[in-house]
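Heavy atoms only: backbone and side chains are in, while hydrogens, waters and symmetry mates are out.
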Amino acid sequence: MTSRSCPCGLPQAYEECCGRYHSGAAAAPTAEALMRSRYAAFVRQDEKYLLRTWHPRTRPSSVDFDPGMRWTGLEILETGTGSAFHSAGTVTFRASYRGGSLHERSRFERVDGAWVYVDGDFIQ
């Protein structure tokens with residue numbers, strides 16, 4: 001990843017990739033795009049975007065960021081539905097950070113036409 005590439009791992013510049021979702025200029029068209037944009041939001045500590053894209057029934061009141069956490073990469077392992085034609089989907093991913101990784105299967109749904117994160121299961 002270059003300093004200008006998006007933290008989500010795609011080769012586009014941040015502004016052309018997840019930045020447009022974070023700013024509200026566009027909405028993530030798929031569950032995978034939302035997953036990538038939420039990872040980039042964790043990298044950038046964008047609490048407002050994370051809360052906005054969290055399902056209302058599971059949304060916390062705030063996001064606690066670990067100031068020492070350094071995210072180093074995202075690997076999408078599998079997607080289950082979640083296209084522009086679906087109302088629900090799953091994304092299995094591995095998010096690496098300095099000193100380890102997090103492996104999760106996340107669930108997403110559409111609320112008022114927009115993809116939102118519902119919850120996830122950690123995978124050992």
How about S106 and E104: does a side-chain donor come under 3.5 Å of a side-chain acceptor? yes

Shortest non-hydrogen contact from P29 to Y21? CD-OH, 3.4 Å

Backbone N/O of D119 and side chain of H55: donor-acceptor pair under 3.5 Å: no

Expected output: side-chain R20 to main-chain A25 donor-acceptor under 3.5 Å: no

In terms of heavy-atom contacts, C8 and C17 come closest through SG-SG, 3.7 Å

Is it true that a side-chain atom of S96 and a backbone atom of T72 form a donor plus acceptor pair closer than 3.5 Å? no

To the nearest 0.5 angstrom, please state how far the OG1 atom of T92 sits from the CD1 atom of I123. 5.0 Å

Note: H22 and R52 closest approach over all heavy atoms is O-NH2, 3.4 Å

With rounding to the nearest 0.5 Å, note down the distance linking CZ in R110 to OG in S87. 8.0 Å

Which value, rounded to the nearest 0.5 Å, describes the distance between S61 atom OG and L51 atom CG? 8.0 Å

Between L10 and V91, is there shared hydrophobic-cluster membership here, with clusters defined by ILVMFWY side-chain heavy atoms closer than 4.5 Å? no

Using 4.0 Å as the upper bound for N to carboxylate O, is an ion pair formed by E32 and R36? yes

How about R105: does its CZ atom have over 12 heavy atoms from other parts shown lying under 6.0 Å from it? no

Expected output: side-chain R38 to main-chain V116 donor-acceptor under 3.5 Å: no

Single-linkage hydrophobic cluster, 4.5 Å side-chain cutoff, Y97 and V43 together: yes

Which of parallel (below 30°), tilted (30 to 60°) and perpendicular (above 60°) describes Y117 and F108? perpendicular

To the nearest 0.5 Å, atom CG of L74 lies from atom CZ of R94 at 10.5 Å

Report yes or no: is the cationic atom of R44 (NZ for Lys, CZ for Arg) closer than 6.0 Å to the six-membered ring centre of W71, at no more than 45° off its axis? no

In this structure, would F42 and Y14 fall into the same cluster of hydrophobic residues linked by side-chain contacts under 4.5 Å? no

Please determine whether residues Y49 and M69 belong to a single hydrophobic cluster, defined as Ile, Leu, Val, Met, Phe, Trp and Tyr linked transitively by side-chain heavy-atom distances below 4.5 Å. yes

Please answer whether the main-chain N or O of A88 pairs with a side-chain N or O of T81 as donor and acceptor at a distance below 3.5 Å. yes

M35, L102: one ILVMFWY side-chain cluster at the under-4.5 Å cut-off? yes

In short, V63 meets W54 closest at the heavy-atom pair CG2-CZ3, 4.1 Å

Under the side-chain contact (heavy atoms from CB on, under 4.5 Å) criterion, do E78 and T90 qualify, and how do the steps go? CA-CA 8 Å; E78 180 181 19; T90 60; over 6 Å; no

Identify the two heavy atoms, one from G73 and one from Y39, that lie closest to each other, and give their separation to 0.1 Å. N-OH, 2.9 Å

Kindly indicate whether the side chain of R107, heavy atoms from C-beta on, has any atom under 4.5 Å from the side chain of D121. yes

Scanning both residues in full, the closest heavy-atom pair of H103 with F93 reads CD2-O, 3.2 Å

